[in-house]
Colleague: 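One structure follows; several queries about it will come next.
In what follows, chains carry the letters A, B, and so on, assigned in the order in which the sequence lines appear, proteins first and then strands, with residues in each chain numbered from 1. Please read these numbers as outputs of a predicted model, since none were measured by experiment.
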2 protein chains.
Amino acid sequence: MAHNHKITIKDVAKAAGVSTQTVSRVLNNRHDVSPETRARVQEVIANLGYAPNVLARSLSRGRSNTLGVVGFGLGYYGSTSVLTGIEQKSNELGFSFILSLLDRFEMERVDEILRDLLSRQVEGIIWAVPGISQALRGLPKKLSDIPIPVVFLNKEKTNDDAIAAMDNRLGGHLATEHLLEQGYRRIGIITGPAEWWEAQQRELGWRETMLEAGLDDLDNLKVEGDWTAASGEVGLHSLIAKAPDVDAIFVSNDQMSLGVFQAARRIGMEVPNDLGIVGFDDIPEAAYFYPSLTTVRQNAKKLGAIAVEQMAKFIQAHQNNEDFKPDISWVKPSLVVRKSSIQES
Amino acid sequence: MAHNHKITIKDVAKAAGVSTQTVSRVLNNRHDVSPETRARVQEVIANLGYAPNVLARSLSRGRSNTLGVVGFGLGYYGSTSVLTGIEQKSNELGFSFILSLLDRFEMERVDEILRDLLSRQVEGIIWAVPGISQALRGLPKKLSDIPIPVVFLNKEKTNDDAIAAMDNRLGGHLATEHLLEQGYRRIGIITGPAEWWEAQQRELGWRETMLEAGLDDLDNLKVEGDWTAASGEVGLHSLIAKAPDVDAIFVSNDQMSLGVFQAARRIGMEVPNDLGIVGFDDIPEAAYFYPSLTTVRQNAKKLGAIAVEQMAKFIQAHQNNEDFKPDISWVKPSLVVRKSSIQES
DNA sequence: CTGTTAGCGCATTCAA
DNA sequence: TTGAATGCGCTAACAG
């Protein structure tokens, strides 16, 4: 037992008195093995505690059953939810995955990471890095040079890419529409960083809805945050400086809402009566904010799962040399109404 | 370029007019290659865009440079921080890792996960699952049956295990001591689930500090939560039912504090004047709670990094057949004082 | 300094 | 139904 020698298919074959191929057949559940032989081999496997060497198998089969996932830190609720979805679904479909985390938009490491993933023979790469910032300009080229399937998360639609995306624009619309229904009119926005596609889309949803309602002066109603609570705090001050009569804000994520709440308290504005607030994400804490936060709930876990499903199809097509028409799959968010947007009578 | 044939060391060798062995030497930065040959080979590698097949290399070398990490969901701030630390440090040390997530304490999947990791030839396993619940009774046996190094995160000290642990007991002490210094006397605790070692240790720190201060009736001052804000809310009500004169609470994580805040507001208790609160974790939002939350900051990222470092040493010893004396490494938390525990004069 | 031979553990031809 | 040979891509051990 404590012997350090790793037991291989050979040991099993010898112990069972058969050839290695037969053992291999049993391992792969082939039906061209006699029941008795199969039983004997299985018993030996159990006794020896044998476990096949996946590396050898991958090498021999030319398939690794491994995905590469490139993410962007784990600091956001969305990121971790997506990852959870990816983990579960890939498990379900028999893939394992190698996780690479980008901390900032670091061009240099991208090269390195992609090389590394390819070296590890991943069968596909899920690109779960937000936005396409300036710094990543050259990236699409690189990723399309890659000889294996790539599925993007939350990326703008293009013709040739497989994409799974949250409908952030719809989210922005839902939030704004709700505030309008509550009677707010001067509805501002605190966006996320401009490079983030997510932030852009949420803003777009707000913008379109405002215009449709005949409201304008939108530029004075917009400030940019960086997703942190601190930036939400600053954001409210900036917004009021530009538009003193702002009466509601669509805040592009829940953390920033927390900062807005704090700033509002300091300057004596009352939420929701003086200022209606709608956030985005529905982090678990949102229901316990004071006041509880109306917010757009996004099922990021589902998004991750969908990405993996797409990937599985993509890979299959790729291997059969069939042509695969990459497409975009949308996940729709929903509005969760709480107190921060409902004026008390 | 678009040719689907994967280029191997052979292609490189042929193109460079050398043997595969020489290419291998260049790849591995051996110094027994002539500068000209090396240059030529490197050029060919660059031109062909060759990347070595890590699976083949691992198989041949008998080393995978891969770690297995078993975690417990990504729902907690601590979990994700630990994982971030693990990712960074293992990257730094040249390991990649396979992540397996347990969602609940699911005994069955443990077997499966361990087998899978071993199949993938990981060189060591980092066990980052909290506590040793009833359900995991059999686990230590299994893990010690494993023929590769295992490093545990946040586990009680034993003689034979390599452990990296947050000093939660110290954290509990710091929190309680601080509340005592602020003049609070009837200091309650809302703990995490009893099976979690982390929760036990935080409680122990509180308990010891209270006893040292000559305070007792501790059982009436304790209720158990489940880490969620909702359980914090319930917790305060329960606590007041048992000890109506409670004047402060050490809440074992920040999320539950949020629930306590909400409950306190509902029943007209003012934090910190009627009720001092200290949390645990220092999640990014804690500074923006209302009131801002005094809490115990734990550097979980560092914890993850330390675990990987231990693992690296362990693996090295394991391979050289040296004996490795497993030990426990502690990471010390610190107190961050904000408004929830400082009575206004 | 370089090439040849062998083998890592497994699966995929083929024969028998 | 089973076994023998061969190769996946790479590196280690030996020669030269």
Colleague: Nearest to the A:Gln21 side chain among D:dT1, D:dA13, D:dA4, which nucleotide is it?
Modeller: D:dA4
Colleague: Using a strict 4.0 Å threshold on nitrogen-to-oxygen distance, state whether A:Asp116 and A:Arg120 make a salt bridge.
Modeller: yes
Colleague: Which listed nucleotide (C:dA11, C:dT2, D:dT2) is nearest to the side chain of B:Thr22?
Modeller: C:dT2
Colleague: Find the distance A:Asn65:CG to D:dC8:P and express it as a whole number of Å.
Modeller: 20 Å
Colleague: Check the distance between D:dT2's P and A:Arg30's CZ and give it to me in whole angstrom.
Modeller: 14 Å
Colleague: If we only count heavy atoms from C-beta on, is the A:Asn53 to B:Gln121 side-chain gap below 4.5 Å?
Modeller: yes
Colleague: Check if the side chain of B:Arg25 and the base of C:dG3 share a donor-acceptor pair of N or O atoms closer than 3.5 Å.
Modeller: yes
Colleague: Looking at the side chain of A:Thr8, which of D:dT1, D:dA5, C:dG9 is the nearest nucleotide?
Modeller: C:dG9
Colleague: Looking at D:dT11, D:dC8, C:dG3, which one has an atom nearest to any side-chain atom of B:Ser19?
Modeller: C:dG3
Colleague: If I take atom CD1 in residue A:Ile45 and atom P in nucleotide C:dC10, what distance separates them, rounded to the nearest angstrom?
Modeller: 10 Å
Colleague: Are any non-hydrogen side-chain atoms of B:Asp161 and B:Trp127 less than 4.5 angstrom apart?
Modeller: no
Colleague: Over all strands shown, is B:Thr37 touching base, sugar-phosphate only, or nothing at heavy-atom distances under 4.0 angstrom?
Modeller: sugar-phosphate
Colleague: 5'-most contact on DNA chain C: B:Gly17 or A:Lys10, nearest heavy atom basis?
Modeller: B:Gly17
Colleague: Among the candidates D:dC8, C:dG7, D:dA13, find the nucleotide nearest to the side-chain atoms of B:Ser60.
Modeller: C:dG7
Colleague: Run the salt-bridge test on B:Asp327 and B:Lys157 with the 4.0 Å N-O cut-off and return the result as yes or no.
Modeller: yes
Colleague: Return the nearest nucleotide to the side chain of B:Val33; candidates are C:dT12, D:dC10, C:dT2.
Modeller: C:dT2
Colleague: Does some side-chain heavy atom of A:Asn299 sit less than 4.5 Å from a side-chain heavy atom of A:Leu303?
Modeller: no
Colleague: Would A:Gln21 and A:Ser19 satisfy side chain to side chain donor-acceptor pair (under 3.5 Å), going step by step from the backbone distance to the final call?
Modeller: CA-CA 5 Å; A:Gln21 296 58 5; A:Ser19 72; 3.2 Å; yes
Colleague: Rounding to a whole Å, what distance do you find between B:Arg61:CZ and C:dG9:P?
Modeller: 16 Å
Colleague: Name the nucleic acid region contacted by A:Val23, choosing base, sugar-phosphate or nothing; use a 4.0 angstrom heavy-atom cut-off, strictly under.
Modeller: nothing
Colleague: Are B:Arg40 and B:Glu43 ion-paired here, with the side-chain N under 4.0 Å from a carboxylate O?
Modeller: no
Colleague: Tell me: CG of A:Leu27 to P of C:dC10, nearest whole Å?
Modeller: 8 Å
Colleague: Where along residues 49-56 of chain B does a heavy atom come under 4.0 Å from DNA chain D, residue by residue in number order?
Modeller: B:Tyr50, B:Pro52, B:Asn53, B:Ala56
Colleague: Does any N or O in the side chain of A:Arg25 come within less than 3.5 Å of the main-chain N or O of A:Arg38, such that one atom is a donor and the other an acceptor?
Modeller: no
Colleague: Is the distance from OP1 or OP2 of D:dT11 to the nearest side-chain N or O of B:Thr20 less than 4.0 Å?
Modeller: no
Colleague: Tell me: CZ of B:Arg57 to C1' of D:dA12, nearest whole Å?
Modeller: 14 Å
Colleague: Could you give the CZ-to-P distance, from A:Arg63 to C:dC10, as a whole number of Å?
Modeller: 19 Å
Colleague: In degrees rounded to 10°, what angle is found between the helical axes fit to the five outermost pairs at each end of the helix from C:dC1-D:dG16 to C:dA16-D:dT1?
Modeller: 40°
Colleague: Report the distance from atom CG of A:Leu59 to atom C1' of C:dT12, rounded to the nearest whole Å.
Modeller: 13 Å
Colleague: Looking at A:Val70, is its backbone amide N or carbonyl O close enough to the side chain of A:Ser100 to form a donor-acceptor pair, meaning the two atoms are under 3.5 Å apart?
Modeller: no
Colleague: Which nucleotide wins on minimum distance to the side chain of B:Ser24, given the candidates D:dT1, D:dT11, C:dA11?
Modeller: D:dT11
Colleague: Among side-chain atoms of A:Ser81 and A:Thr84, is any donor-acceptor pair under 3.5 angstrom?
Modeller: no
